[in-house]
Amino acid sequence: MPEKILKIDDLAVEYKNKGKYLRVLQGINLELKKEEILALVGESGSGKSTLGKTILRLLPDSARIKQGKIIFKDQDICSLSEKDFNDQIRGQEMAMVIQNPQNALNPVFKVGTQILDVLYFKSKKQKSRKELKKEAVEILKKVGISDPEYRFGEYPHQFSGGMKQRVMLAMAFISNPSLLIADEPTTALDLTVEAQILNLLSNLVEEYQTSILYISHDLGVVAGLSDRIAVMYAGRIVEVAQTRELFAEPNHPYTEALLNCLPDYQKTEELQTIPGQVPDLNNYPTGCNFHPRCSYSFARCRQEEPRLEEIDSEHFSACFLNDP
Amino acid sequence: MALVEVKNLKKYYVNNDSLLYKLANKGPINVKAVDDLSFEIEKEDTLAVVGESGCGKTTVARSVLRLIEPTAGEILYKGRSINNFNKQELKAFRADAQMILQDPRSSLNPRFIVEEIVSEPLYIHNQIKDDFNLLDRVWELLDLVGLSKRYSELFPHELSGGQARRVGIARALALQPEFIVCDEPTSGLDISIMSAVLNLMKKLQQEYHLTYLWISHNLHEVRYISNKVAVMYLGKIVEITDTNTIFNNSVHPYTEALFSSLRGINDDWNYKEREIIEGEVPSPINPPSGCSFHPRCKYSFAKCKKVEPELKTVEAGHLASCHLYN
Ligand SMILES: Nc1ncnc2c1ncn2[C@@H]1O[C@H](COP(=O)(O)OP(=O)(O)OP(=O)(O)O)[C@@H](O)[C@H]1O
Ligand SMILES: Nc1ncnc2c1ncn2[C@@H]1O[C@H](COP(=O)(O)OP(=O)(O)O)[C@@H](O)[C@H]1O
Ligand code: SF4
Ligand code: SF4
Ligand SMILES: [Mg+2]
Ligand SMILES: [Mg+2]
């Protein structure tokens, strides 16, 4: 059994809205193994980014952790002070890449300078600028940037979207983190560039033995990237399974419906749709969150909340159909 | 006769304030957004245009509807040149040919409620007889796109992304068009909403015999919605044929590279082991010599750097521009 790097235990998070706290995440249980890529998929507003931000302590002031634990390498990181978290965890043990590298790179400084800063910090301010510059150029080369010496002196706006995302990955991996949280890092990229970045990411994971929580709404992307998939719906994880198994034998009615909606070049049948809409934060239904849209729902679904249970080896689902 | 014929369309943007221009001081720089493009769309067909960002898809879409003036070339609608339309003909064309945009919310007037947004084209084209059946017509249109009556009173900011897109579709349908240009109509939508929009567009096409020019970079969607595909690279069509052939027997190396990124969720594959085309799309300001794909093409040979290949027939109904084939 590979060792666990992250364990989330019955986590609930709330956002304050007009003076009232609303539940965004509820009953989240999730484990991430060493060197594993776990994809977190779900439709817009389901709470994927909120979960990522909770782990990295990037939630806005209007949010609070209502209950639960986040165990990272046998340590409950929720109980760490802000300072300890910053010193020990963020940017060291955990890193993040996000959708918009534009916002993550500072437009006023040269790309090389920004990499140097991270390296300088990592070397505990010991190494000389010259040594570090050599390292930085090496890093640019490694993430596939041609002409690295020349690119070192350029500004972010002179980089294409794909190149910026390469730089972001390079910076994230400098500290050799145990956990990388990637929040839709390829959404703004072209198809061929997206494939390049995901190929790079897969190789970096192998080389640095990093675990990744990969947030995405694109099932096609995660099909070629992740070891396992966790499906979110309205603030809850409804199903977790090995990637191939989830696609071949989805258990939860929401996962099944989602797969039937997805256009796929091999599919010949009509696309299905899911009636109704994703519920609003301030309007979560009673019982199973999916019941108003579920074609299998029955009386119990409106009254009780199903829990995520292991229905098969390494396959979890939160649905009363498994528990008649 | 094809419903739409595009002949040798060129659209160059003049870029005066670029740094390159100032440094070189060699006169204004032409951005060849679309460079000598020809294709036809038969009635009730869906021609999908695919390609990476900046290759000129939106420029084609806007030219075909005469929302921008081409630098050169001709566009025929029902056999007549849209650039020679007089005022009245242009107005009729504006009713007949509609557009559905990528970013639905920014294309809906934020100060109007849905009822006003959907009925506005009817006013502009004087199709209103009396106010009574106007609301009926709006409800009918909303019903067509699967929105209930209550949505007619909402403002755009009160709609979800999928609803806003449906309002855009209802508005485009108001004047009973024959031809609709859809510029990435599902991008940014959630899966369940995307499938609803795709099914809706398919149903409307069958019921009202619509013809679509469908711009997309989602190849799965293209397979589902289109019967013809044009692949663009740097302002040019590099391959065009029916959808089946593009997916099963394409010939152009760029098509091959683009479609090699295509995998179904039930295929067994991963990004780690996949062969992936290198490099990014070059800038149209300074496109490579000869075949503009040559720096990324794994088949390129001496001739490719010097001579630009022409779009030629490979077999009946299948055109490609590559020296390997002519
Ligand atoms: N700062 C905030 N204050 C109040 N509500 C918020 C805040 N941030 C997010 N939310 C709400 O929390 C819910 C989950 O948001 P989150 O950003 O985690 O979704 P997501 O799954 O990442 O969606 P997407 O796919 O659109 O990125 C949404 O209903 C959102 O409107
Ligand atoms: N108004 C404009 N002025 C100058 N350049 C433009 C303008 N519109 C588009 N371009 C350029 O033309 C090329 C094609 O753009 P576009 O048709 O929008 O591509 P696509 O829709 O395929 O992404 C790009 O290089 C773009 O930067
Ligand atoms: S618990 Fe009931 S409503 Fe929820 S997914 Fe299962 S069957 Fe559907
Ligand atoms: S003409 Fe040459 S470079 Fe261009 S696609 Fe064909 S083989 Fe490749
Ligand atoms: Mg998000
Ligand atoms: Mg465009």
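Here is how names work: the chains are called A, B, and so on, in the same order as the sequence lines, proteins then strands, and each is numbered from 1.
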Exercise. Does any pair with a residue in residues 230-251 of chain B pass salt bridge (Lys or Arg N to Asp or Glu O under 4.0 Å), and if so which ones, sequence neighbours excluded?
Worked result: Asp35(B)-Lys236(B), Lys236(B)-Glu308(B)
Tell me, do [X] and [Y] make a side-chain contact under 4.5 Å, heavy atoms counted?
X	Y	answer
Thr192(A)	Arg296(B)	yes
Lys267(A)	His220(B)	no
Gln277(A)	Ser192(B)	no
Val221(A)	Tyr271(B)	yes
Asp267(B)	Tyr265(A)	yes
Lys272(B)	Asn203(A)	yes

For this session: Measure Leu200(A) against the heavy atoms of chain B and call it side chain, backbone, both or neither at under 4.5 Å.
Result: neither
Exercise. Tell me, side chain or backbone of Glu270(A) under 4.5 Å from chain B's heavy atoms, or both, or neither?
Worked result: both
Exercise. Highest number of heavy-atom pairs under 4.5 Å with chain A: which of Gly279(B), Ser260(B), Ala257(B)?
Worked result: Gly279(B)
Exercise. Highest number of heavy-atom pairs under 4.5 Å with chain A: which of Ile265(B), Asn270(B), Leu219(B)?
Worked result: Ile265(B)
Problem set entry | Heavy-atom contacts under 4.5 Å, residues 194-201 of chain B to chain A |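 Within residues 194-201 of chain B, the residues under 4.5 Å from chain A are Met194(B), Ser195(B), Ala196(B), Leu198(B), Asn199(B).
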For this session: Give the minimum heavy-atom separation between His217(A) and Ile191(B), together with the two atoms involved.
Result: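 It is O-CD1, 3.7 Å.
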For this session: For the pair Arg223(B) and Gln266(A), evaluate side chain to side chain contact (heavy atoms under 4.5 Å, CB included) and give the outcome as yes or no after the intermediate values.
Result: CA-CA 9 Å; Arg223(B) 168 100 247 192; Gln266(A) 290 166 320; over 6 Å; no
For this session: State whether the number of non-hydrogen atoms from other residues, nucleotides or ligands found under 6.0 Å of Lys202(B) atom NZ is greater than 12.
Result: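 Check passes, neighbour count above 12.
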Problem set entry | Close approach to chain B in residues 226-242 of chain A, criterion heavy atom under 4.5 Å |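 At a heavy-atom separation under 4.5 Å, chain B is reached by no residue of residues 226-242 of chain A.
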For this session: Report the C-alpha distance between Asp268(B) and Arg244(A) in whole Å, list the side-chain angles of each, state the deciding distance to 0.1 Å, and finish with yes or no for side chain to side chain contact (heavy atoms under 4.5 Å, CB included).
Result: CA-CA 8 Å; Asp268(B) 197 3; Arg244(A) 295 289 149 230; 3.2 Å; yes
Problem set entry | Tyr208(A): ring pair (Phe, Tyr, Trp, His ring centres under 6.0 Å) partners, not counting sequence neighbours | Phe173(A)
